[in-house]
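The block underneath contains the structure these notes are about, expressed in structure tokens.
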Amino acid sequence: MIRSVFALAAFLLAAASVAAGIDANEMLRKIDRNLEPASYEMYRKLINIEPNGTKKEFVLYSVKKGSDKVIALFLEPASDKGRSTLRLGDNMWLYIPNVGKPVRITSLQSVIGGVFNNADILRVDYAVEYEAKVEEEQKDVLVLMLKARTGEVAYDRLKMWVDRKLLLPTKIEAYAASGMLIKTLHFKELKDFGGGIRRPAVVETDSPLYKGYVSVMLYSGIKKRDVPDEVFTLTNMHRVEELRR
């Protein structure tokens, strides 16, 4: 009898854990869609701020399609204008006009320097890269722990604080497989972009690995848009500007 009770308790606990996992992953998919449409175009300004106050700014135009295709074009500064970056799943490339041939880049590198890396700049859906579970429930906030589905992901784990009402992140801590904190992202200034898109307009990140350095991402526009698959190819990286016409 006692063994039966323990067995039933273990079964119910396992079932509850599975249900919680399913709920957390569904929640993560909703968070993805609240942050951005499945396919979109957007404009962002990225600002790197050094400890002495020096700033370097970049303006990017980006297009994403589905769960694994992202391309971004540099509009400013003039020295970087015309460069583009492409992400297809876990693979990334940089195109430089006067070089003419795309070169491979990695998710942990950064084409702009600063605290944001290429995975941050060319982000795909969190639900694609991570398995989620609820770690903590508070009145207004849920804390999700996200574990990378593969070893190709830039961060092994993400700890995400989520506004329960809006289903939008307010803070994310990114960790390496060793457990070391790599960076913290802060989501600020909720803004209505139109078309049903209401999300933080500012993402600010800092890192214990780059003490005194801060990088900021400002969203100035984002809207739904679907484009052909051929846009996301190595042979079309020099033609991204045509999408803006």
Side-chain angles (χ1 to χ4, degrees), residues 28 31-32 35-36 42-51 54-64 67-77 79-80 83-96 102-130 146-161 169 171-188 200 202-219 222 232 237 240:
L28 190 59
I31 291 168
D32 281 325
L35 284 171
E36 291 123 2
M42 70 178 175
Y43 288 87
R44 291 171 294 171
K45 176 179 283 188
L46 283 72
I47 307 170
N48 293 332
I49 307 169
E50 297 184 6
T54 301
K55 295 182 181 180
K56 187 168 184 180
E57 300 184 358
F58 303 84
V59 176
L60 275 68
Y61 167 75
S62 305
V63 180
K64 176 177 175 285
S67 62
D68 63 348
K69 301 180 183 69
V70 188
I71 196 163
L73 173 69
F74 283 79
L75 304 178
E76 297 177 12
S79 58
D80 290 311
R83 292 190 180 201
S84 62
T85 51
L86 171 66
R87 178 172 183 176
L88 297 174
D90 296 323
N91 301 301
M92 301 183 188
W93 293 267
L94 169 67
Y95 169 80
I96 303 173
V103 295
R104 281 268 196 167
I105 55 177
T106 69
S107 60
L108 290 175
Q109 292 175 321
S110 178
V111 293
I112 64 166
V115 189
F116 285 122
N117 60 31
N118 295 334
D120 300 322
I121 299 168
L122 298 171
R123 191 181 71 79
V124 297
D125 291 355
Y126 288 115
V128 171
E129 295 190 309
Y130 295 94
L146 314 184
K147 181 70 174 70
R149 296 180 184 273
T150 72
E152 302 300 318
V153 179
Y155 311 113
D156 180 69
R157 287 183 297 115
L158 298 177
K159 188 173 183 179
M160 177 186 289
W161 283 258
K171 183 174 77 169
I172 296 176
E173 291 179 346
Y175 292 88
S178 65
M180 179 180 65
L181 175 64
I182 299 176
K183 69 179 61 168
T184 303
L185 296 99
H186 308 271
F187 294 75
K188 304 177 178 180
V202 178
V203 179
E204 182 179 302
T205 186
D206 52 65
S207 169
L209 307 179
Y210 301 93
K211 291 185 178 179
Y213 290 82
V214 174
S215 290
V216 183
M217 195 179 295
L218 307 175
Y219 291 75
I222 178 169
F232 305 92
M237 290 184 71
V240 186

May I have the step-by-step check of salt bridge (Lys or Arg N to Asp or Glu O under 4.0 Å) for Glu129 and Arg87, ending in yes or no?
CA-CA 14 Å; Glu129 295 190 309; Arg87 178 172 183 176; 2.6 Å; yes

Audit row: Leu75, Tyr43, side chain to side chain contact (heavy atoms under 4.5 Å, CB included) steps and yes/no:
CA-CA 10 Å; Leu75 304 178; Tyr43 288 87; 3.7 Å; yes

If you look at every heavy atom in [X] and [Y], which pair is closest and at what distance?
{"X": "Pro200", "Y": "Pro169", "answer": "CG-O, 4.2 Å"}
{"X": "Ser67", "Y": "Val124", "answer": "O-CB, 3.4 Å"}
{"X": "Val202", "Y": "Leu218", "answer": "CG2-CD2, 3.7 Å"}
{"X": "Gln109", "Y": "Ile105", "answer": "OE1-CA, 3.3 Å"}
{"X": "Ile182", "Y": "Pro208", "answer": "O-CD, 3.7 Å"}
{"X": "Phe232", "Y": "Val63", "answer": "CE2-O, 3.5 Å"}

Does Arg157 make a cation-pi contact with Tyr175, if we ask for NZ or CZ under 6.0 Å from the ring centre and within 45° of the axis?
yes

How long is the gap from [atom1] on [X] to [atom2] on [Y], to the nearest 0.5 Å?
{"X": "Ser110", "Y": "Ile121", "atom1": "OG", "atom2": "CD1", "answer": "4.5 Å"}
{"X": "Leu35", "Y": "Arg123", "atom1": "CG", "atom2": "CZ", "answer": "5.5 Å"}
{"X": "Leu181", "Y": "Leu209", "atom1": "CG", "atom2": "CG", "answer": "7.5 Å"}
{"X": "Glu50", "Y": "Ser215", "atom1": "CD", "atom2": "OG", "answer": "9.5 Å"}
{"X": "Met42", "Y": "Lys64", "atom1": "CE", "atom2": "NZ", "answer": "9.5 Å"}
{"X": "Thr54", "Y": "Ile49", "atom1": "OG1", "atom2": "CD1", "answer": "10.5 Å"}

Please check: side-chain N/O of [X] versus main-chain N/O of [Y], any donor-acceptor pairing under 3.5 Å?
{"X": "Asn117", "Y": "Ala119", "value": "yes"}
{"X": "Asn48", "Y": "Lys56", "value": "no"}
{"X": "Asp80", "Y": "Pro77", "value": "no"}
{"X": "Asn118", "Y": "Val111", "value": "yes"}
{"X": "Tyr130", "Y": "Tyr155", "value": "yes"}
{"X": "Thr205", "Y": "Phe116", "value": "no"}

Heavy-atom distance under 4.5 Å between the side chains of [X] and [Y], does that happen here?
{"X": "Thr85", "Y": "Met92", "value": "no"}
{"X": "Phe58", "Y": "Arg83", "value": "no"}
{"X": "Ile172", "Y": "Lys159", "value": "no"}

So Lys45 and Glu57, side chain to side chain contact (heavy atoms under 4.5 Å, CB included) or not? Walk me through it.
CA-CA 7 Å; Lys45 176 179 283 188; Glu57 300 184 358; 3.4 Å; yes

Is there a donor in the side chain of Lys183 and an acceptor in the side chain of Tyr210, or the other way round, less than 3.5 Å apart?
no

After noting the C-alpha distance and the side-chain angles of Ile112 and Phe74, does the key distance pass the side chain to side chain contact (heavy atoms under 4.5 Å, CB included) rule?
CA-CA 10 Å; Ile112 64 166; Phe74 283 79; 3.6 Å; yes

